[in-house]
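If you read the sequence from its start, that first residue is 1, and numbering goes on from there.
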Amino acid sequence: MGIGGTPEGIVTACAIRAIGGVIQGRLAPTDEAEREAAAAAGHDVDEILTTDQLVTSDNCYFAATGITDGDLLRGVRYEGDRVTTQSIVMRAKSGTVRTVEAEHQARKWESYTRA
């Protein structure tokens, strides 16, 4: 529970939809100008929005990569020239949840990261 930004709420709703869960939210304007802008765009700022209203299609994906260690994903690991990451990818249409372990070779980055 809490107040976050609209993009974060939609991204979270995609993940929740992918695993068959439920989320509810509503707009939380921080001032009168935001409230008026939302109303002018046709939004009811007092309406409780359901998962299906936040994400209207099963054709959605969620992907995240751990940066620091957490309950869901392990953070980035550096071992010499090797960097390992752990990611999760979810697809709502199939309900598929994948965990991706990746190994990156930092020395190869130089060829395409130079400005």
Side-chain angles (χ1 to χ4, degrees):
M1 262 179 96
I3 295 177
T6 301
E8 292 83 357
I10 300 302
V11 168
T12 301
C14 288
I16 297 297
R17 185 173 184 122
I19 60 172
V22 175
I23 186 172
Q24 294 180 335
R26 66 182 173 97
L27 299 176
T30 58
D31 58 29
E32 193 55 36
E34 279 188 9
R35 178 177 286 282
E36 290 172 6
H43 300 292
D44 176 357
V45 296
D46 297 316
E47 180 182 11
I48 303 298
L49 303 169
T50 66
T51 310
D52 290 339
Q53 289 172 296
L54 294 167
V55 182
T56 60
S57 170
D58 274 339
N59 192 22
C60 68
Y61 294 81
F62 172 86
T65 299
I67 303 300
T68 58
D69 288 344
D71 293 335
L72 181 62
L73 296 168
R74 192 176 57 245
V76 178
R77 301 277 194 270
Y78 296 90
E79 230 177 276
D81 187 41
R82 204 177 92 201
V83 180
T84 58
T85 57
Q86 186 179 53
S87 303
I88 189 168
V89 182
M90 302 176 178
R91 182 177 188 208
K93 191 170 191 173
S94 63
T96 304
V97 178
R98 294 178 175 90
T99 302
V100 180
E101 305 277 340
E103 183 176 307
H104 313 272
Q105 295 179 23
R107 64 182 162 75
K108 292 194 172 204
W109 298 344
E110 293 177 15
S111 66
Y112 60 86
T113 58
R114 290 186 188 139

salt_bridge(D52, R17) N-O dist < 4.0 Å: yes

Residue pair E47, Q53: steps toward the side chain to side chain contact (heavy atoms under 4.5 Å, CB included) verdict: CA-CA 11 Å; E47 180 182 11; Q53 289 172 296; 3.0 Å; yes

Nearest heavy-atom neighbours spanning G75 and D69: N-OD1, 2.7 Å

R74: side chain to side chain donor-acceptor pair (under 3.5 Å) partners, not counting sequence neighbours: E101

same_hphob_cluster(L49, V45) at 4.5 Å side-chain heavy-atom cutoff: no

Test item: side-chain donor near acceptor, H104 and T85, under 3.5 Å: yes

Side-chain (D58) to main-chain (A92) donor-acceptor, under 3.5 angstrom: no

Other ILVMFWY residues reachable from V100 by side-chain steps of under 4.5 Å: V89

Partners meeting salt bridge (charged side-chain N to carboxylate O under 4.0 Å, His left out) with D31 (sequence neighbours left out): none

Basic-acidic side-chain contact under 4.0 Å: E103, R82: yes

Co-membership, hydrophobic cluster, residues I88 and I19, 4.5 Å side-chain: yes

Cationic N near anionic O, under 4.0 Å, K108 to D81: no

